[in-house]
Student: 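Below you will find the structure I want to go over with you.
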Amino acid sequence: MIEAGANPRVVVIGGGISGLAAAHRLSTAGLSVALIEKSAELGGKVITEHIDGFVIEGGPDSFVAGKGTVIELATELGIADRIISSRPEHQDSYVWSRGRFHRLPAGLLLMAPARLGPLFGSSLLSWRGKLRAAADLLIPRGQPEGDESLESFVVRRLGREVLDRIAEPLIAGIHAAEPASMSLEASFPRFLEMERDHRSLILAARALSKRAGTTIKSHFASFRGGMGDLTAALIGSLQGADQRMGVAVNRIRMRSAIGFLLDLTDGTQLEAEAIVLATPAEDSAALLGEVAPRASEAIAGIRQVATTAVTLAYRSEQIPVVRGSGFVVPALEGRRLMGVSYLSQKWQARVPSEQFVLLRAFLRRGLSDQQPTEVAQAELADLVGIRTQPILEKTHHWASGLHQYTLGHRQRVARAEGHLRAIPGLALAGAAFHGIGLNECIASGRRAADLVAATIKGGARTVTLY
């Protein structure tokens, strides 16, 4: 049954951060928008809970401030004054390796050292590993054929120890990916650019450090009330849009006269000129099966994996002193714990008072059948010495929560987008394609919105946003 008088010009399918950004862009452009989300709430993984004065994040707890997209959107929404920087007094990060904690060398641009002094002074690498990393200064530019894996690139430039003890836990951990199958050009093209422009990663990191006028650090930011401040503001900006939660799209069909016909799980139908598909790769592939089978086939190859994070709160006097902003654990250590973020030390106003510590433990996949909280507490007891029971615990498990950019990822996405160019008004958005970070997800939503808006203004058939 098609609802009379209720058909928008654009449908956005998927109410996560990418879909919200797309819907906001379209609404701001004056287009009528319907936003469809199969879960009960909008926001996707960017959700924040406030429990007894503790700020609990369900997904990301921060964003990279230097990329600018989140800040630009926050300014549009009038919440830029709520952006906060990480606490400078707790910026040190650690690696748990060979039975103890090692401070990450100062001046790292992720895995690339801007200065050799801190690297040579670090206990994290052996002298053999340090000298091998320094050999990057002498190694010529690589000439890899085709897409190169993270493992191949790091070993080639900086050596196996840097891969195992720095790059894998810091970089692959972000994507929950295996270095041997992870596409460098899709995940971290900046490193390929650094090699191309400067030959040496160390020289490139040094040049970037001088350009910034200081030693390179990770410039992360968040919001005063948690990352949910951003989604709440986006949702608030869409009061005029048709927001439908708890309903999904079963099928998308072409309708030559109006563009697209969507069958919803509640038995209703929507007609739309355009669609923005902002769902996970698996869902997008299924919905494209009838209208764009070759695009569907291309993105069906994008892998999704489960992620689990356990947030725990303690009274500070009942646990050992924790240092820095957190630590990571290399995969070669064989631990069930991938890393820990000390949220109360990274950010202000995450706990009721300084008498409490709030931390978040990230668990590896498939290493235990125990409950996540049991695993996290056992690992913290062994590695950090925290043996008391938490006063608050909260687990967030996302069954297919993270997209992995494996070798050939860019080619898969390019094929899909190439096929979709033949279908005016249909666009893809989200973490599955051009970056999993918050800046990249918002940018993808805005690009998709601009694409379908231009199609509508040009008078051609447009697509729907899901």
Side-chain angles (χ1 to χ4, degrees), residues 12 14-29 35 42-48 50 55 57-91 93 109-110 174-175 187-190 193 208-209 211-239 276 278 325-326 341 343 345-350 360 429-431 433-451 453 465:
V12 178
I17 192 66
S18 299
L20 287 171
H24 170 74
R25 188 83 152 193
L26 290 161
S27 182
T28 301
L35 180 62
L42 298 172
K45 299 174 188 65
V46 186
I47 56 174
T48 304
H50 297 266
V55 179
E57 300 286 12
D61 66 48
S62 62
F63 61 91
V64 179
K67 293 184 177 180
T69 307
V70 175
I71 294 175
E72 181 181 329
L73 178 58
T75 301
E76 286 181 25
L77 295 168
I79 59 169
D81 60 337
R82 297 189 61 79
I83 294 174
I84 59 174
S85 298
S86 56
R87 298 170 68 170
E89 66 270 29
H90 297 298
Q91 285 192 349
S93 297
L109 177 58
L110 286 180
I174 297 171
H175 292 255
S187 303
F188 293 96
R190 185 179 192 183
E193 294 168 4
L208 290 169
S209 176
R211 192 181 309 162
T214 182
T215 300
I216 294 172
K217 296 179 180 178
S218 295
H219 296 288
F220 294 105
S222 187
F223 290 87
R224 195 175 304 142
M227 295 303 300
D229 283 0
L230 181 61
T231 50
L234 276 169
I235 294 167
S237 75
L238 297 174
Q239 295 303 314
V276 174
S325 61
S341 180
L343 299 178
Q345 303 208 150
K346 285 175 66 175
W347 311 107
Q348 296 177 346
R350 292 307 189 253
R360 197 174 185 204
F433 309 112
H434 297 288
I436 65 170
L438 209 60
N439 285 285
E440 288 78 11
C441 288
I442 291 169
S444 76
R446 289 154 72 109
R447 279 195 303 270
D450 290 345
L451 179 64
L465 236 72

Student: Please evaluate residues Glu72 and Ile442 with respect to the criterion side-chain contact (heavy atoms from CB on, under 4.5 Å), reporting the C-alpha separation (whole Å), side-chain torsions for both, the decisive distance (0.1 Å), and the verdict.
Tutor: CA-CA 10 Å; Glu72 181 181 329; Ile442 291 169; over 6 Å; no
Student: Does a side-chain heavy-atom distance below 4.5 Å link Ser86 with Trp347?
Tutor: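 In short, these two side chains touch, coming nearer than 4.5 Å.
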Student: Does one side chain, of His24 or Ser237, offer a donor that lies under 3.5 Å from an acceptor on the other?
Tutor: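 Result is yes, a qualifying pair exists.
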Student: Is a side-chain donor or acceptor of Ser18 paired with a backbone partner of Cys441 at a separation under 3.5 angstrom?
Tutor: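 Between the backbone of Cys441 and the side chain of Ser18 there is a qualifying donor-acceptor contact (under 3.5 Å).
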Student: Is a side-chain N or O of Ser27 found less than 3.5 angstrom from the main chain of Leu238, in a donor-acceptor match?
Tutor: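 No; judged by distance alone, with no hydrogens or angles, the pair does not exist.
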Student: Measure the spacing between CD1 of Ile71 and CG of Asn439 and express it to the nearest 0.5 Å.
Tutor: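 Separation between the atoms: 8.0 Å.
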Student: Go through the structure and list residues passing salt bridge (charged side-chain N to carboxylate O under 4.0 Å, His left out) with Arg350, not counting sequence neighbours.
Tutor: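 Listed in chain order: nothing, the list is empty.
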Student: Of all residues at least two apart in sequence or in a different chain, which pass the salt bridge (charged side-chain N to carboxylate O under 4.0 Å, His left out) check with Arg224?
Tutor: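 Salt bridge (charged side-chain N to carboxylate O under 4.0 Å, His left out) check on Arg224 returns nothing, list empty.
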Student: So, His175 side chain and Ile436 main chain: donor-acceptor pair closer than 3.5 Å or not?
Tutor: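 Not at all, since once roles are kept as given, no pair shorter than 3.5 Å links the two residues.
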Student: Of all the heavy-atom pairs spanning Gly226 and Thr48, show the shortest one and how long it is.
Tutor: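 Of all heavy-atom pairs spanning Gly226 and Thr48, the closest is C-OG1, 3.7 Å.
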Student: Compare every heavy atom of Leu35 with every heavy atom of Ala23, then report the nearest pair and how far apart it is.
Tutor: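 Distance-wise, the nearest heavy atoms are CB-CD1, 4.4 Å.
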Student: How far apart are the closest heavy atoms of Ser444 and Gly430, and which atoms are they?
Tutor: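 So the two residues come closest at OG-N, 2.9 Å.
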Student: Rounded to the nearest 0.5 Å, what separation is found between the OG atom of Ser222 and the CG atom of Asp229?
Tutor: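 One finds 8.0 Å between OG of Ser222 and CG of Asp229.
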Student: Closest approach of Phe63 and Met227, non-hydrogen atoms and distance?
Tutor: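 Residues Phe63 and Met227, closest heavy atoms: CD2-CE, 3.9 Å.
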Student: Quick one: CG on Leu234 to CG on Leu77, what's the gap to the nearest 0.5 Å?
Tutor: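 If I round to the nearest 0.5 Å, the distance is 5.0 Å.
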Student: Atom CG in Asp61, atom NZ in Lys346: separation rounded to 0.5 Å?
Tutor: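 One gets 4.0 Å once the value is rounded to the nearest 0.5 Å.
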Student: Output yes when Glu76 and Arg446 qualify as a salt bridge under the 4.0 Å nitrogen-oxygen rule, no when they do not.
Tutor: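 Arg446 and Glu76: salt-bridged.
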Student: Which heavy atom of Val46 sits nearest a heavy atom of Pro60, and at what distance?
Tutor: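 In this case the closest contact between Val46 and Pro60 is CG2-CG, 4.1 Å.
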Student: For the OG1 atom of Thr231 and the CD1 atom of Ile47, what is their distance to the nearest 0.5 Å?
Tutor: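 One finds 8.5 Å between OG1 of Thr231 and CD1 of Ile47.
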Student: Within a radius of less than 6.0 Å around CD of Glu193, do more than 12 heavy atoms belonging to other residues, nucleotides or ligands occur?
Tutor: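 Atom CD in Glu193 is packed in, count exceeds 12.
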Student: Side-chain donor-acceptor pair under 3.5 Å between Gln345 and Ser325, yes or no?
Tutor: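 Absent: no donor and acceptor within the cut-off.
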Student: In Å, rounded to the nearest 0.5 Å, how long is the span from CZ of Phe223 to CG of Leu230?
Tutor: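 Rounded to the nearest 0.5 Å, the CZ-CG separation comes out at 4.5 Å.
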